[in-house]
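Indexing begins at 1, ligand by ligand and atom by atom, following the structure's order.
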Amino acid sequence: MLGFIESSHELLHKRGYRLTPQRYLIIYVLEEAQGHLSIEEIVECVQQRNPCVSQSTVYRTLELLREVGLVRENHFLGEAATYEAVDGNAHEHLVCRGCHTVLHFDPALPANLREQLEQQYAYRALKLDLVAVGYCDACWKSSSAT
Ligand SMILES: [Zn+2]
Ligand SMILES: [Zn+2]
């Protein structure tokens, strides 16, 4: 956790930005959540800790953090955007259509696929951005029970 905040600080600094208290707070909230938060959830968490931070500040800050690559915006199942801290490169998502749970699956699994793509198409330094959509076990069982 400290590691991510520290590297965020460095990255912002390199791009000529400061790690202001608002930016710190949003990075902290996203990192602590370890998941996918909607903009409303982020605003709520941020304002719980500091009621002075306005919604538009959260929007603007998220936009900046996204630009520098610290925050990732996802659109799963055509829903409203969710945000998460970009901690490391692997971001392979497993999404349930039933309960809308989002998991990060083992990044070692598609490593093979990346190598194969690099070989077959002679592309280098590929980064996969996979979203696998289906039904989790619980949703599958409850839907086939009815
Ligand atoms: Zn994610
Ligand atoms: Zn499910």
Side-chain angles (χ1 to χ4, degrees), residues 1-15 17-50 53-118 121 123-146:
M1 167 113 128
L2 265 179
F4 182 67
I5 287 174
E6 229 156 72
S7 59
S8 304
H9 187 180
E10 256 169 50
L11 208 135
L12 282 168
H13 188 75
K14 260 191 243 156
R15 302 284 298 264
Y17 297 108
R18 285 187 314 121
L19 185 61
T20 61
Q22 295 93 317
R23 288 170 190 163
Y24 175 86
L25 191 52
I26 290 172
I27 289 170
Y28 178 87
V29 161
L30 284 171
E31 178 66 6
E32 196 191 42
Q34 286 288 322
H36 308 87
L37 298 181
S38 68
I39 187 92
E40 291 80 16
E41 289 168 327
I42 297 170
V43 169
E44 202 188 305
C45 289
V46 164
Q47 289 183 343
Q48 267 169 17
R49 290 175 172 84
N50 183 353
V53 180
S54 71
Q55 185 166 321
S56 60
T57 302
V58 173
Y59 275 85
R60 265 185 288 121
T61 307
L62 274 176
E63 195 52 41
L64 171 81
L65 295 174
R66 200 161 63 91
E67 244 176 69
V68 300
L70 288 170
V71 166
R72 196 188 141 93
E73 188 182 301
N74 300 294
H75 293 267
F76 298 124
L77 304 168
E79 292 182 335
T82 57
Y83 299 87
E84 67 185 322
V86 177
D87 202 354
N89 290 328
H91 260 294
E92 270 51 274
H93 291 106
L94 201 57
V95 182
C96 176
R97 278 185 195 283
C99 59
H100 295 194
T101 295
V102 180
L103 297 178
H104 293 135
F105 63 79
D106 182 357
L109 286 174
N112 214 3
L113 172 63
R114 196 183 63 231
E115 280 163 24
Q116 287 181 34
L117 288 169
E118 287 180 348
Y121 296 91
Y123 271 53
R124 309 279 189 268
L126 281 183
K127 248 168 127 183
L128 297 184
D129 189 5
L130 294 177
V131 181
V133 179
Y135 292 92
C136 73
D137 196 44
C139 288
W140 184 253
K141 279 178 181 152
S142 70
S143 73
S144 47
T146 52

Original post:
Angle at the Zn ion (ligand 2) between SG of Cys136 and SG of Cys139, to 10°?
Top reply: 100°
**OP:** Scan side-chain atoms only and decide if His36 and His104 contain a donor-acceptor pair under the 3.5 Å cut-off.
**Re:** yes
Original post:
Below 4.0 angstrom, N of the basic side chain to O of the carboxylate: do Arg49 and Glu32 qualify?
Top reply: yes
Subject >> Pair Glu63 + Arg66, salt bridge at N-O below 4.0 Å >> reply: yes
Subject >> Vertex the Zn ion (ligand 1), rays to OE2 in Glu84 and NE2 in His93 - rounded to 10° >> reply: 90°
Original post:
Got an N, O or S from Cys96 under 2.8 Å of the Zn ion (ligand 2)?
Top reply: yes
Subject >> Ile26, Ile27, Ile42, Leu30 screened by side-chain contact (heavy atoms from CB on, under 4.5 Å) with Val71, the one that passes >> reply: Leu30
